[in-house]
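Owing to the predicted nature of the structure, the values given are computational and were not obtained by experimental measurement.
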Amino acid sequence: MNNTTADEGLLFNEHIAVRVVRLVLYPIVFVIGVMGNFSVCAIVLGAKSKKFRSAKGYFILNLALSDLMVLFLYLPFDLAYLENQSIWPFGFVLCKFINVLSSVSVTVSGTMLICIGYERYKTIVKTPTSRLSKRKALVMVIFTWVYSCLLQIPFVFALTVEPSGRCLIDINWWPNQLSFNLTYFMALIAPQFVIPSLCIIVFYVGIVFHLRKSHKFNNRRGIYRSVVVAEKSEKQNRKTTKLLTGLVLVYAICILPHKVIILSILINPALLSSHFTRQLYEFARLLTTANSCFNPILYTTLSRSFRKDLKNMFSKQSENDSHRFLKSLPDTPRIDRRHNTPNSVVQLRGTIVKLANGNIEREDGV
């Protein structure tokens, strides 16, 4: 939610460079974000096999939908608002509706990252029977949207269009400044950044420790018969969490600066008079907006399977050759020890490697 009482003092005659960057960045973000997130939705929804419409698919789909909400229901209105000298021309109802939905979408994005991290943790660390079911995933998704909407109820009532034409939160709706500060922190800063960060750190620490322990265990039990196999397994272990790492880092880089600036202003209102703070705030807003197009870019950059799915989506491919992106994600790092003969198949905690005539071929791709 960009137009808050804390933002009121930040409405100023901005530097021409900020406006130029915004006029260039917003259309680029819109085009890339719409194309990329629609592609993600098409890949997930296009999975004909029920096997691949699993927990990870629900979470990735809703992450893309939350980005599309920002792109269609916030970006055009925000650009028009800022280019109209911060005068809201769309009426009282849309002032509430657009700003509330933008906050809902950011909260959903952060919570979906928690869900993805949790699904990865259960798949990698826990037993195969503890893998997150589709029914539980659906309940988590529904809860996320309901929870994200309920958090915005105070702002539904407090958002208003001032006589000057600005769409802002009326701080007088709260009995005092402390009440507003607590509401803002609990409804926006905590669920959009603090809680996702803490949860993902916990999941990541658990995954990293488990993978290291598993690698040592495999080595000690003699499952790794060659340095090459060990290196292949280690490489696959890194790929297991690489995509989620990228998603989390991009989310943090895009969301954290805006939250830090707003929190700093809530604690020390004197910062409103600082021109440097105002410029930082505008830059932070641009980063927050750009977050809506980065996830598909990460999928394309980090996931070979996603690139293949994009290619297959525009060409006639069999079901066996499609939906590699979804198939690659559920790899579970388990030990399934086999007899290590020249023509055997060894499953090394999530990586299936064929040993045939000394050559190693990794079957699963991320």
Fill in the blank from the handout: When rounded to the nearest 0.5 Å, the distance separating CZ of R22 from CD of E282 is 6.0 Å
Exercise for the section: Flag yes if F209 and V248 sit in one hydrophobic cluster, no otherwise; membership is Ile, Leu, Val, Met, Phe, Trp, Tyr, and two members link when side-chain heavy atoms are under 4.5 Å apart. Expected result: no
Practice task
Indicate yes or no: at least one non-hydrogen side-chain atom of Y147 is less than 4.5 angstrom from one of P191.
Solution key: yes
Problem - N/O donor-acceptor pair under 3.5 Å between S86 side chain and L82 backbone - result: no
Practice task
Could you pull out the closest heavy-atom pair between L132 and K122, with the gap in Å?
Solution key: N-CE, 4.0 Å
Exercise for the section: Could you state whether F283 and F193 fall into the same hydrophobic cluster, counting links through intermediate Ile, Leu, Val, Met, Phe, Trp or Tyr residues with side-chain heavy atoms under 4.5 angstrom apart? Expected result: no
Practice task
Decide whether V44 and F38 are clustered together by the hydrophobic rule: side chain heavy atoms of Ile, Leu, Val, Met, Phe, Trp, Tyr closer than 4.5 Å, transitively.
Solution key: yes
Practice task
With side-chain contact (heavy atoms from CB on, under 4.5 Å) as the test, would you mind laying out the steps for M112 and V141 before giving the verdict?
Solution key: CA-CA 8 Å; M112 282 299 106; V141 168; 4.3 Å; yes
Handout entry: Short side-chain donor-acceptor distance under 3.5 Å, W174 and N181
Key = no
Handout entry: Step-by-step side-chain contact (heavy atoms from CB on, under 4.5 Å) determination, C254 to F294
Key = CA-CA 10 Å; C254 292; F294 281 143; 3.7 Å; yes
Exercise for the section: Nearest 0.5 Å please: distance from the CD atom of E162 over to the CG atom of D170. Expected result: 7.5 Å
Problem - L298 and V250, any side-chain heavy atoms less than 4.5 Å apart - result: yes
Completion exercise
Rounded to the nearest 0.5 Å, the CG atom of L23 sits from the CD1 atom of I16 at a distance of 8.0 Å
Practice task
Using the rule that two of Ile, Leu, Val, Met, Phe, Trp, Tyr join whenever any of their side-chain heavy atoms come within less than 4.5 Å, decide whether V104 and M186 are in one cluster.
Solution key: yes
Fill in the blank from the handout: Residues passing the side-chain hydrogen bond (donor to acceptor under 3.5 Å, both in side chains) test with N295, sequence neighbours excluded, are D67
Handout entry: Main-chain N/O of V156 paired to K96 side chain as donor or acceptor, under 3.5 Å
Key = yes
Fill in the blank from the handout: Residues at least two apart in sequence or cross-chain that pass side-chain contact (heavy atoms from CB on, under 4.5 Å) with L113, listed by chain then number, are L63, I200, L247, Y251
Exercise for the section: Kindly compute the distance separating CG (L138) from OH (Y58), expressed to the nearest 0.5 Å. Expected result: 6.0 Å
Problem - Whether N268 side chain and S264 backbone form a donor-acceptor pair below 3.5 Å - result: no
Exercise for the section: Take T144 and N62 through the side-chain contact (heavy atoms from CB on, under 4.5 Å) test and state the conclusion after the steps. Expected result: CA-CA 10 Å; T144 295; N62 281 271; over 6 Å; no
Exercise for the section: Assess whether atom CZ of F72 is packed by more than 12 heavy atoms of other residues, nucleotides or ligands within 6.0 Å. Expected result: yes
Completion exercise
Heavy atoms of A64 and C41 approach each other most closely as CB-SG, 3.9 Å
Practice task
Look at the rings of F203 and Y121 and say which category their plane angle falls in: under 30° parallel, 30 to 60° tilted, over 60° perpendicular.
Solution key: tilted
Completion exercise
Correct closest heavy-atom pair for S66 and S109 would be OG-OG, 2.8 Å
Problem - Side-chain heavy-atom pair D78, S102 within 4.5 angstrom cut-off - result: no
Fill in the blank from the handout: Rounded to the nearest 0.5 angstrom, the CG-CG distance for L280 and L287 is 10.5 Å
Exercise for the section: Give the cluster check for V70 versus F97: same hydrophobic cluster or not, with ILVMFWY residues linked at side-chain heavy-atom distances below 4.5 Å. Expected result: yes
Practice task
On the 0 to 90° scale, with breaks at 30° and 60°, tag the Y184-F155 ring pair as parallel, tilted or perpendicular.
Solution key: perpendicular
Practice task
Measure the shortest side-chain to side-chain distance between M69 and L101 over non-hydrogen atoms and say whether it is less than 4.5 angstrom.
Solution key: yes
Handout entry: Y118, OH: over 12 other non-hydrogen atoms inside 6.0 angstrom
Key = no
Handout entry: Student check: side-chain heavy atoms of Y204 and R120 closer than 4.5 Å
Key = no
Handout entry: Test item: L188 and S103 side chains (from C-beta on) under 4.5 Å apart, heavy atoms
Key = yes
Problem - N84 and I87, any side-chain heavy atoms less than 4.5 Å apart - result: yes
Handout entry: Expected output: side-chain W88 to main-chain G91 donor-acceptor under 3.5 Å
Key = yes
Exercise for the section: Verify whether one side chain among T288 and N291 offers a donor that lies under 3.5 Å from an acceptor in the other. Expected result: no
Problem - Smallest separation among heavy atoms of I261 and T277, with atom names - result: CG2-CG2, 4.3 Å
Practice task
Measure across I60 and Y299 and return the closest heavy-atom pair with its distance rounded to 0.1 Å.
Solution key: CG2-OH, 3.7 Å
Handout entry: Distance in Å, I114 CD1 paired with E119 CD, rounded so as to fall on 0.5 Å steps
Key = 14.5 Å
Exercise for the section: Mind listing the closest non-hydrogen atom pair of L71 and V29 along with its distance? Expected result: CD2-O, 3.7 Å
Handout entry: Within-4.5 Å side-chain heavy-atom neighbours: I32 and I28
Key = yes
